[in-house]
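Ligands are counted one by one from 1 in listed order, and the atoms in each one are counted from 1 as well. Just so it is clear, the model here is predicted, and its values are computed rather than measured.
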Amino acid sequence: MQQAVQHKIDTNRYAKCVEHSKRIRWDIDRDVIRGRRFDFSQKFLPDGLSKVDRLEFLNAAEQRFLSQIQGRSYANIFGLVERFIAAKVLEVSREHWLGDQTALEALVRFSDEEIKHQEMFRRIERMAAEEMPEGYTFLPDANAVASVVLAKSTWAVLALTCHIELFVLAHYRESIDPDPNLSELWKDVFLYHWREESQHAILDELEWLREDAKLTPAERDQAVNELIELVGAVDGILQMQASADADYFLKACGRSFSSDEVEKIRAGVLGAYRWQYIVSGVQGRFSEVLGRIIDAAQAERIGQALAPIMQ
Ligand SMILES: [Fe+2]
Ligand SMILES: [Fe+2]
């Protein structure tokens, strides 16, 4: 009986996601880009995410340039993670093929949207490349990363996905939307992205909990280890890209810095990336859901693994 009630609640949530997804559906050119270019007299990422305001020895133009570099990588990182997210969502949709057709529709729309988002982020990268100084490189390869991620258990991949899609929402709501001084086009990219991601975050949670219900305690324990490995892999990517972005900034910004300042720039970019892609997502709804399904020892293990990153 309780199961039937839960099933009805879940079906309604899938149905709401389908309804919203249909209502807010947008097109890259018609709705988002509309023939516009980026305004390079404005920042891309707000200070709350880029943390460039902490590098007080940079002048306003330099802080703005560093925020634009970070914004470019921000778009590229979403293009990257959406490769494995779309593949995983298509895979878990299999369980609804001959079952709840509303859930199936919700997940098909979800993966379709992620494929569109990847195309949008490739466009953003090309547009940024046309106007920014040469020398920028985005190092991680989407398929190589996806192969590593998708080799982990579904529980771990859905946990990571839920974490990512929740922080997308938090970044937009808390930092991007309230900032009046961002490039209008850049801001619109993340407004439209946020609208579709709002459904994804709900679906991630539904699928994650559905997967969780199937696991034995031993399987869940192993999945927690895999989630820790995935967060470690994300941190590895962030270290690599933070270093590349700091190098690009130092080469392209047109003046030299003391070795102490160079160190601060490098640490500042890495700290910002850890905040953006790990720390800001660990709080709120994600830890609430995670806290409900793992035990105290597992929470302790995750806390220990995160400690060096959270500093
Ligand atoms: Fe997306
Ligand atoms: Fe998404």
Measure from the side-chain N and O atoms of E207 to the backbone N and O of E205, and report whether any donor-acceptor pair falls under 3.5 Å.
-> no
Between K43 and D179, is there a side-chain N and carboxylate O pair less than 4.0 Å apart?
-> no
N, O or S atoms of the protein lying under 2.8 Å from the Fe ion (ligand 2) | E114 OE2, E165 OE2, E197 OE1, E197 OE2, H200 ND1
Between Y14 and H96, does a ring pair (Phe, Tyr, Trp, His ring centres under 6.0 Å) hold up when you go through it step by step?
-> CA-CA 12 Å; Y14 285 114; H96 300 290; 5.6 Å; yes
With Q70 via side chain to side chain donor-acceptor pair (under 3.5 Å) - residues at least two apart = Q276
Which atom, counting only N, O or S, brings H193 closest to the Fe ion (ligand 1)?
-> NE2
Determine, stepwise, if the pair F121 / H193 fulfils ring pair (Phe, Tyr, Trp, His ring centres under 6.0 Å).
-> CA-CA 10 Å; F121 291 128; H193 190 238; 5.1 Å; yes
Answer yes or no: is there a side-chain heavy-atom contact under 4.5 Å between R123 and D29?
-> yes
